[in-house]
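Beneath this line is the structure, given in structure tokens, with notes to follow.
The chains referred to below are lettered A, B, ... by the order of the sequence lines, with proteins before strands, and numbering in each begins at 1. Every heavy atom of this structure was used, including side-chain atoms; hydrogens, water molecules and symmetry mates were not.
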Number of protein chains: 2
Amino acid sequence: MPDLSHGDDAAAVNSLRSAVMRLSRRLKHQRVDESLSPTEMSVLGTLARCGSATPGELARKEHVQPPSMTRIVALLEAKGLVRLDPHPEDRRQKVVTQTERAEAMLEQSRRKRNAWLAGLAADLDEDEWERLRAAAPVLEKLAHL
Amino acid sequence: MPDLSHGDDAAAVNSLRSAVMRLSRRLKHQRVDESLSPTEMSVLGTLARCGSATPGELARKEHVQPPSMTRIVALLEAKGLVRLDPHPEDRRQKVVTQTERAEAMLEQSRRKRNAWLAGLAADLDEDEWERLRAAAPVLEKLAHL
DNA sequence: CATGTTCTTTAGCTTAACTCATTACTCTCG
DNA sequence: CGAGAGTAATGAGTTAAGCTAAAGAACATG
């Protein structure tokens, strides 16, 4: 249980908010792959982990409103990275599944990401990396809390 | 020096990217103060730390293009949170300083943020908070690297 | 001085989200 | 069984927050 009277928590929240906003701005432009927005990348990543999901589930995971996810899924489908099938039990829903092409592109983007990583490596020491690794799951938790 | 051959780094980068994008979307909506965008808040925070700065400096710190900062500063000025003075040595530049009103509003928003924090406190244990505190400065570094 | 460079600003555009409303389907309860 | 309530995806229009290109003013340097 965090000590709320401790000023450091408030300061950390401040600092996190600033850093997250600035970082997200950078990430928007520093795309590992042109032609694919960060949210689209994120959706592909989610699909890679979960296998397949309905648009609604994806919207909840990405913290985006359903209409936005409809649009994103449509774009991904147009790029051949995703397939839409009817839901087996509920004909209102659809099932979004990534194609083999998406796997190939994820692999390719993983390579590019490693290059970017190498660039960062020069500026962060091992202790800093360790902190990032440790915090990553907490940030994920925070993101969909 | 990070071990790039170690797959965990790539995974962590993936995870960080996703989490940062989702978090930034949440932060956009979960404003501690209506009527003030996250970037505007961030600028006020920077000014609180640095005293005062030129629009150009602010743009570099926030990783925003100069025209965007012009707009942001203009909005802050319209809300009476910031004052623009001529630069003492270079008449091309201006000096942005926060007003007493900004300090009051920062204090008020600090209170609201603590309430939000209290909400989160229930869902994070002390170890997780510790990781966030530890990672915050690294994220800041990353943000303006 | 003249030319080029830097800082801010203006104007117009793009993107990626949002809200509201609609359609299609499912579920529940009388 | 059928009517009304609820939920899923989507269509249309809007908004927000950044961007680029270009202009104007002030500085710096040959």
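- Across all strands shown, A/P55 has heavy atoms under 4.0 Å from sugar-phosphate atoms exclusively, and none from any base.
- Residues B/L76 and B/L36 form a side-chain contact, since some pair of their non-hydrogen atoms from C-beta on lies under 4.5 Å apart.
- Contact annotation: the side chain of B/E40 approaches that of B/K79 to within less than 4.5 Å [non-hydrogen atoms, C-beta and beyond].
- To the nearest angstrom, P of D/dT10 lies 11 Å from CD of A/Q93.
- With salt bridges taken as basic N to acidic carboxylate O contacts below 4.0 Å, one links A/E126 and A/R133.
- Contact of A/R92 with C/dT26 (side chain to base): no donor-acceptor pair of N or O atoms is detected under 3.5 Å.
- Across the protein-nucleic acid pair, B/R26 atom CZ and C/dC18 atom P stand 12 Å apart, rounded to whole Å.
- Within residues 72-88 of chain B, the residues that have a heavy atom under 4.0 Å from DNA chain D are, in order of number, B/I72.
- Not one side-chain nitrogen or oxygen of B/S68 sits closer than 4.0 Å to the OP1 or OP2 atom of D/dG18.
- Looking at B/S18 and A/E140, their side chains never bring a donor and an acceptor atom within 3.5 Å of each other.
- Salt bridge B/R83/B/E77: absent, no basic N to carboxylate O contact under 4.0 Å.
- Counting only heavy atoms from C-beta on, A/P66 has its side chain closest to D/dT10 among D/dG18, C/dC25, D/dT10.
- Judged by closest nucleotide on DNA chain D, A/E57 is the one of A/E57 and B/P38 placed further toward the 5' end.
- We find that CG of B/L58 is positioned 13 Å from C1' of C/dC7, with the value rounded to whole Å.
- Rounded to a whole Å, the CZ atom of B/R91 is 19 Å from the P atom of D/dG24.
- Neither OP1 nor OP2 of C/dA17 sits under 4.0 Å from any side-chain N or O of A/R71.
- Here the side chain of B/Q65 is nearest to one of C/dC20, D/dT20, C/dT9, namely D/dT20.
- Taking atom CZ on B/R60 and atom P on C/dT8, their separation rounds to 8 Å, with Å as the unit.
- The shortest distance between the side-chain N/O atoms of A/T70 and the OP1/OP2 oxygens of D/dG11 is not below 4.0 Å.
- Heavy-atom contacts from other residues, nucleotides or ligands closer than 6.0 Å to CZ of A/R71 number 12 or fewer.
- For the pair A/M69 CE and C/dA17 P, the computed distance is 8 Å after rounding to whole Å.
- As a whole-Å value, the separation of B/M21 CE from C/dA17 C1' is 11 Å.
- Residue contacts for B/E89: at a heavy-atom cut-off of 4.0 Å it reaches the sugar-phosphate backbone alone, with no base atom in range.
- Between B/T39 and D/dG18, a side-chain N or O to OP1/OP2 separation shorter than 4.0 Å is present.
- Residue B/R25 places at least one side-chain N or O under 4.0 Å from the OP1 or OP2 atom of C/dA17.
- Side-chain contact between B/T54 and B/V96 is absent, with no heavy-atom pair separated by less than 4.5 Å.
- Here A/S37 does not reach the OP1 or OP2 of C/dT15: none of its side-chain N or O atoms lies under 4.0 Å away.
- Residue A/K94 contributes atom NZ, which lies 11 Å from atom C1' of C/dA24 at whole-angstrom precision.
- Comment: A/K141 engages B/E128 in a salt bridge, judged by a side-chain N to carboxylate O separation of less than 4.0 angstrom.
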